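Below, chains carry the letters A, B, ... as their sequence lines are ordered, and counting in each starts from 1. Because the structure is a prediction, the values reported are computed rather than measured. Side-chain atoms are counted along with the backbone in the values below, which use heavy atoms only and exclude waters and symmetry mates.
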Amino acid sequence: MNIMTKNKAEAAAPVIADSNALIEAKIENLKQLQARGVNAYPYKFDVTHHAGALQKKYAELAIGVTTEDVVSIAGRVMSNRNSGMFIDLKDETGKIQIFSHKDHLPPEELEKMSYYDLGDIIGVTGIVRRTPRGELTVNTTKVEMLSKSIRPLPEKYHGIHDVELKYRKRYLDLIMNDESRETFRRRSQIISFIRKFLGEEGFMEVETPMLHVIPGGTTAKPFLTHHNALDMPLYMRIAPELYLKRLVVGGFEKVFEIGRNFRNEGISIKHNPEFTALEIYQAYTDYVGMMGLFERIVEGAVKAAHNGETKVKYGAHEIDFKAPWPRKSMAQLVKEKTGIDFMALTDLSAAALAAEKSGVPVRPGSSWGEIVEAVFADKVEGTLIQPIHVTDIPKDVMPLAKTHPENALLTESFEVYINGWEIGPSFSELNDPFDQRARFQNQLEAREKGNDEAMMLDEDFIEALEYGLPPTGGLGIGIDRLVMLLTNSQSIRDVIAFPTLRLHK
RNA sequence: GAUUCCGUAGCUCAGCGGUAGAGCAUCUGACUUUUAAUCAGAGGGUCGUGGGUUCAAAUCCCACCGGGAUCACCA
């Protein structure tokens, strides 16, 4: 490169904050193409085939055989052998080798190709053959630059290992790491299955607000925001529950929503500040009806993502999602694990003493139900590897669930546990407006005692109940955790394309 | 938020008081039916940032920034 062309390149080059020799080399190649009349960013390309389909279609094509089939494919240049004579082209479905030879391409086209780089997106038309070395290949008769890449790809063999880079620049992770592609493909399959299944079951998909005047439907710390024109504080929703029940009041008997919830809490391998939840409400059924529905959704999702299999490896465990799953009450499970029978220890101080004795600290002001739940969380939760319905959750921790008809300390409810994680809760929805008001009052008292996650009183929701909510069963499923289980992902950040991270650099 | 580990070339990683290294990628050349192509050569670094200790710091110490893991809260 002489001084003239170098100056020209620098003058025309867009501003790249972190430019380096690799980027400069690619920009120089871009200029060389432009100097030869190539539009490096053209508008379209007619794709007739994808790599995956070709690999499948020609699986039986014998070694050394050249077909007469002309195909047009497009994708990213991933590797380059024999000075560009062989290129591995990668599209969404897989890889295929491109062969560019002077026997099939005019010299000026071959010369242009010398300015192609790894990472470029190109379109190729050519003839399908299998090389003597056994590689399915397209003999290029025409090649087009579709988008010039001016940044170097990560290491072609190891891909990206730096997890921070994976999360911040997910596109690189997806380009380089097939496992990540597979994870997000499966995520999509799972969600598609759920939509299709619920539609077939007669459920209507609805959308409710994410901006709430009063955050409700669960106990969690909300994000607070502000609407300028209305000059009004608004919370990002922590759950859609109360709005979905309003729709059931309105007469929609089977509704569901798949959407984002926002919780202003800690971040961990199981928690992202925004996460995707499925919530379902069905009129005229109760929590028992929800158990069967829960099982069919999850078992179906597992099969959809695993070619009909119900057994899935996760870490060191093999989890079998085949329904039905066992059903056991929370108190029973605690009793089996610790010997403590909280159903016989309904006195608050006796319950607190028993919990402390078993090594579970009790926060001052805890209710009986909170103590039972704390012991369950500490002693039992982590041992529930295979899917199970943990039923009859204490009323103190379920302010929106119907009281259990046989024991006023409990509710008609269950939570599904898999791999030691709560996948989702479900209950017979409390539809008695007087009881609901009393439960909210209890929450307010807890709030005054310093529990800043306790629920706020939602007067408008109670009014809706006063018009009449039919007997209703509801359930929620944490989609991200379900996807983790079905993709053997160790962190929720591996199943959320763009997880929440700190502002960087 | 607490504890702990990590941050070296575009990427993957060595080096852990004494002149900043390798592979891939890039550039030059050779080769031209390859498979992480190969061969010869070259360029590429504020060792996260800022202080300190030392004759000498990528290396030891402190603070900060970013990330991972564990714990706490939660799904």
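Separating the CE atom of A:Met85 from the P atom of B:A30 is a distance of 14 Å, rounded to the nearest angstrom. If you take NZ of A:Lys221 and C1' of B:A72, they are 10 Å apart, rounded to a whole angstrom. Taking atom CG of residue A:Asp117 and atom C1' of nucleotide B:C27, one finds them 11 Å apart after rounding to whole Å. The CD-C1' distance, from A:Glu164 to B:U8, rounds to 15 Å in whole Å. Nucleotide B:U35 holds its P atom 14 Å from the CZ atom of A:Arg129, rounded to whole Å. Taking atom CD1 of A:Ile267 as the reference point, atom P of B:G66 lies 12 Å away to the nearest angstrom. Between A:Met78 atom CE and B:A37 atom P there is a gap of 11 Å when expressed in whole angstrom units. Between the P atom of B:U26 and the CD1 atom of A:Ile150 lies a distance of 15 Å, rounded to the nearest Å.
OP1 or OP2 of B:G67 sits under 4.0 Å from a side-chain N or O of A:Arg502. Taking side-chain N and O atoms only, A:Thr137 has no distance below 4.0 Å to OP1 or OP2 of B:U33. Close to B:C73, at under 4.0 Å from its OP1 or OP2, lies no side-chain N or O of A:Arg263. Distances shorter than 4.0 Å separate none of the side-chain N or O atoms of A:His101 from OP1 or OP2 on B:U32. Distances shown here put a side-chain N or O of A:Asn29 below 4.0 Å from the OP1 or OP2 atom of B:C27. The phosphate of B:A36 (OP1 or OP2) has no side-chain N or O of A:Lys156 nearer than 4.0 angstrom. At the phosphate of B:U35, neither OP1 nor OP2 sits under 4.0 Å from any side-chain N or O atom of A:Arg130.
Side chains of A:Thr208 and A:Glu257: a donor on one and an acceptor on the other come within 3.5 Å. Side-chain atoms of A:Asp88 and A:Ser79 include a donor-acceptor pair closer than 3.5 Å.
In a base pair of the Watson-Crick type (N1 to N3 plus N6-O4 or O6-N4) or a G-U wobble (N1-O2 and O6-N3), with each distance short of 3.5 Å, B:C71 is matched with B:G1. Pair check for B:A63 finds B:U49; Watson-Crick or G-U wobble, both atom distances under 3.5 Å.
The base of B:C71 does not come close enough to the side chain of A:Ser268 for any donor and acceptor atom to sit less than 3.5 Å apart.
Considering only side-chain atoms of A:Leu501, the nucleotide from B:G67, B:A25, B:U32 that sits closest is B:G67. Closest approach to the A:Asn82 side chain among B:G68, B:A37, B:U35 is made by B:A37 (side chain taken as heavy atoms from C-beta onward). Candidate nucleotides B:G66, B:A37, B:A69 were compared by shortest atom distance to the side chain of A:Arg168, and B:G66 ranks first.
Applying the salt bridge (Lys or Arg N to Asp or Glu O under 4.0 Å) rule to pairs touching residues 95-119 of chain A yields A:Arg36-A:Glu111, A:Glu109-A:Lys112, A:Asp117-A:Lys148, sequence neighbours excluded.
Between atom CE of residue A:Met210 and atom CZ of residue A:Arg237 there is a gap of 4.0 Å, rounded to the nearest 0.5 Å.
Annotation: cation-pi geometry satisfied between A:Arg129 and A:Phe99 (NZ/CZ under 6.0 angstrom from ring centroid, within 45° of ring axis).
Residue contacts shown for A:Ala25 are limited to sugar-phosphate atoms, with no base heavy atom under 4.0 Å away.
The one candidate from A:Phe427, A:Phe414, A:Tyr417 that meets the ring-ring contact (aromatic ring centres under 6.0 Å, His included) condition with A:His389 is A:Phe414.
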